[in-house]
Asks: 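Okay, here's the structure, questions in a sec.
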Number of protein chains: 2
Amino acid sequence: MRYRKIPDETVRRLPQYLRAVSFVHKQGCKYVSSQELAERLHMKSPQIRKDLSYFGAFGVKGTGYPVETLLGRIREILKLNTPQKAALIGAGRLGKALASYPGFRLYGFDIVEVFDRSPRKIGRKIGGVEIKDVAHLGDLGKRGIRLALLAVPAGAAQEVAERLVEAGVRGILNLAPCYLKLPKRIKVVTIDIAMELGILPYYV
Amino acid sequence: MRYRKIPDETVRRLPQYLRAVSFVHKQGCKYVSSQELAERLHMKSPQIRKDLSYFGAFGVKGTGYPVETLLGRIREILKLNTPQKAALIGAGRLGKALASYPGFRLYGFDIVEVFDRSPRKIGRKIGGVEIKDVAHLGDLGKRGIRLALLAVPAGAAQEVAERLVEAGVRGILNLAPCYLKLPKRIKVVTIDIAMELGILPYYV
DNA sequence: CCTTGTGAAAAACTTCACAGCC
DNA sequence: GGCTGTGAAGTTTTTCACAAGG
């Protein structure tokens, strides 16, 4: 077999596992048990065992999972084992924060292009990358850039997203508070910080 | 009955409904159908009808849901009908972006306090609010501040979060790439942007 | 026609419990 | 003793199908 079909919910948790296992790895541990991970992630251990079982039995009974193998497998499934180039659209306050965010490295992401609309910003540098005119995206796909971080105002998001798709982008992390209507083959993940905050009062 | 028990997944979708219905409201529509919302949100219409049915039958058959009533009900369930005060911890690049983010208003959130550790920042203003020393949180709970946005480095997040809980905060939106170990009564929502990006290559 | 509201069916996911192995 | 891996059981969530109403 290649791998069994991996449930959506499991895929959604893999990046969390990656982060937690990386942490354990940095501490120098060779093995990690499902209990340990469960505690760290506020989950139950059978859940983790089941998730990991979807991509092959490589845990060692009585000991746990070999940390390096585990990292490799998760990266392999998520296709993070080769560095992923990404473009950032929007060099406003949020764009600046993203451009200098160190956390992307853990997942092998590299922001290699930054675009903005404002002539005042074009030509300047953020995060070591020169800001270019968003009117000239060029063929991002051909340059190996299939991911984009969209940090533009909600009013411009749909239009820019369509142009990104034309430019060969296949996946978009949308930080504007709106939905994007794009062809089904394009994967969109939207993060609306205010919306996430919106559920807190219910539980408080 | 008060309301039937609302499933977790439904609660999670309410902020999305709120955003979408607000949009329709701004366009001046009096009614919106489950189909319309479904299209806008990339969902199926029975899902939306079921979700809305959990808090009372107020849709008009043949027409749809009255937009204003719908907004009111969702706000009521989410406890967003009264303005919610929030504190922002961390005035770095991300903190600055959050302080000036206009999207919070839709949900009735108001950032009334900003804290940071750096003496260089303390005393300055962002988003119209003076930055105070994080060492002196005071009793946030007594001042009606039960929510906090945590935008500090991962290394400091756990410690600051514990102090927030002592200060009377009940819900935390954690933007640091780490898990927080806090009493169960505290609701934590973590957003790790890099992690969300992490699932894109799998689908691309 | 058009819609909502909902029980029932189906699907998806989580948890349990324990065999098997170190 | 410890831990993994997994079928089966249990739970939650989604989808369907259609009665009932405008």
Side-chain angles (χ1 to χ4, degrees), chain A residues 1-17 20-21 24 29-74 77 199 202-203, chain B residues 1-17 20-21 24 29-74 77 199 202-203:
Chain A
M1 69 174 181
R2 186 67 188 76
Y3 295 125
R4 269 179 278 180
K5 202 212 167 275
I6 302 177
D8 278 4
E9 290 299 318
T10 299
V11 174
R12 201 165 296 168
R13 282 189 292 264
L14 289 184
Q16 302 184 39
Y17 293 162
V21 177
V24 171
C29 302
K30 293 281 180 215
Y31 288 87
V32 64
S33 71
S34 57
Q35 271 97 325
E36 250 177 282
L37 285 177
E39 220 171 291
R40 196 174 284 288
L41 295 170
H42 305 172
M43 296 171 57
K44 308 215 167 164
S45 63
Q47 177 79 82
I48 288 174
R49 291 202 298 280
K50 181 136 263 182
D51 280 346
L52 299 185
S53 79
Y54 284 112
F55 41 105
F58 56 97
V60 181
K61 303 188 184 201
T63 311
Y65 298 89
V67 168
E68 301 216 356
T69 312
L70 189 47
L71 283 176
R73 283 294 170 92
I74 298 174
I77 305 289
I199 66 159
Y202 177 84
Y203 290 103
Chain B
M1 66 175 183
R2 187 65 189 82
Y3 295 125
R4 270 178 277 178
K5 201 212 168 275
I6 301 177
D8 278 5
E9 289 299 317
T10 299
V11 173
R12 201 166 294 168
R13 281 189 292 265
L14 290 183
Q16 302 184 39
Y17 294 161
V21 177
V24 171
C29 302
K30 292 282 180 216
Y31 288 86
V32 64
S33 72
S34 56
Q35 270 97 324
E36 250 176 282
L37 285 177
E39 221 171 290
R40 197 175 282 289
L41 295 170
H42 305 171
M43 294 172 57
K44 309 212 166 165
S45 64
Q47 176 80 81
I48 288 174
R49 290 203 298 280
K50 181 136 265 182
D51 280 346
L52 298 185
S53 78
Y54 284 111
F55 41 103
F58 56 98
V60 182
K61 302 188 186 203
T63 311
Y65 298 88
V67 168
E68 301 217 356
T69 313
L70 189 47
L71 283 177
R73 283 294 169 92
I74 298 174
I77 305 289
I199 67 158
Y202 176 84
Y203 290 103

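Labels below follow one simple rule: chain letters A, B, ... track the order of the sequence lines, proteins then strands, and each chain is numbered from 1.
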Asks: State which of D:dT4, C:dA8, D:dC18 makes the closest approach to the side chain of A:K61.
Replies: D:dT4
Asks: Write down the distance between CG (B:L52) and P (C:dT6), rounded to a whole number of angstrom.
Replies: 12 Å
Asks: What's the closest nucleotide to the B:A57 side chain, out of D:dT13, D:dT4, C:dG5?
Replies: C:dG5
Asks: Could you please name the option among D:dT13, D:dG5, C:dC16 that lies closest to any side-chain atom of A:P46?
Replies: C:dC16
Asks: Just the rounded figure in Å: distance from P of C:dA9 to NZ of B:K50.
Replies: 13 Å
Asks: Is the shortest heavy-atom distance from the side chain of B:R49 to the side chain of B:S45 under 4.5 Å?
Replies: yes
Asks: Using a heavy-atom cut-off of 4.0 Å across all strands, would you classify A:S45 as base, sugar-phosphate, or nothing?
Replies: nothing
Asks: Between A:E9 and A:G62, name the one whose nearest nucleotide on DNA chain C is closer to the 5' end.
Replies: A:E9
Asks: Can you measure A:I48 atom CD1 to D:dT4 atom C1' for me and round it to whole angstrom units?
Replies: 13 Å
Asks: Run the side-chain contact (heavy atoms from CB on, under 4.5 Å) test on B:M43 and B:Y17 for me, step by step, so that the C-alpha distance in whole Å, both residues' side-chain angles and the decisive distance to 0.1 Å come before the verdict.
Replies: CA-CA 11 Å; B:M43 294 172 57; B:Y17 294 161; 3.2 Å; yes
Asks: Do A:L14 and B:Y202 have side chains that approach each other closer than 4.5 Å (heavy atoms only, starting at C-beta)?
Replies: no
Asks: Give a yes/no on whether any side-chain N or O of A:R13 is located under 4.0 angstrom from OP1 or OP2 of C:dC13.
Replies: no
Asks: Would you say A:Q47 places a side-chain N or O within less than 4.0 Å of OP1 or OP2 belonging to C:dT15?
Replies: yes
Asks: By the 4.0 Å heavy-atom rule, please label A:Y31 as base, sugar-phosphate, or nothing.
Replies: nothing
Asks: Just by modelled atom types, is the B:D51 backbone N or O under 3.5 Å from a matching donor or acceptor in the B:R13 side chain?
Replies: no
Asks: Just how far, in rounded Å, is P of C:dT4 from CG of B:L70?
Replies: 11 Å
Asks: Please round to the nearest 0.5 Å and tell me the distance separating atom OG of B:S34 and atom NZ of B:K50.
Replies: 13.0 Å
Asks: Starting at atom CG of A:D8, determine the distance to atom P of C:dA11, rounded to an integer number of angstrom.
Replies: 16 Å
Asks: How many whole angstroms separate atom CG of B:L37 from atom C1' of C:dT3?
Replies: 13 Å
Asks: Can you tell me if the side-chain N/O atoms of B:T63 get under 4.0 Å from OP1 or OP2 in C:dT3?
Replies: no
Asks: Tell me: NZ of A:K44 to P of D:dT6, nearest whole Å?
Replies: 22 Å
Asks: When all nucleic acid strands are considered with a 4.0 Å heavy-atom cut-off, which category describes B:G59: base, sugar-phosphate, or nothing?
Replies: sugar-phosphate
Asks: Under 4.0 Å, heavy atoms only, any strand: does A:R12 hit a base, just the sugar-phosphate, or nothing?
Replies: nothing
Asks: Regarding A:T10, tell me which of base, sugar-phosphate or nothing describes its non-hydrogen contacts under 4.0 Å with the strands shown.
Replies: nothing
Asks: Can you tell which of D:dT4, C:dG5, C:dC16 lies closest to the side chain of B:R49?
Replies: C:dG5
Asks: Could you please spell out the steps behind the side-chain contact (heavy atoms from CB on, under 4.5 Å) verdict for B:Y203 and A:V11?
Replies: CA-CA 10 Å; B:Y203 290 103; A:V11 174; 3.9 Å; yes
Asks: Look at the side chain of B:Y65 and decide which nucleotide, out of D:dC16, C:dG5, D:dT13, has an atom nearest to it.
Replies: C:dG5
Asks: Starting at CD of A:Q35 and ending at P of D:dG5, how long is that distance when rounded to a whole Å?
Replies: 12 Å
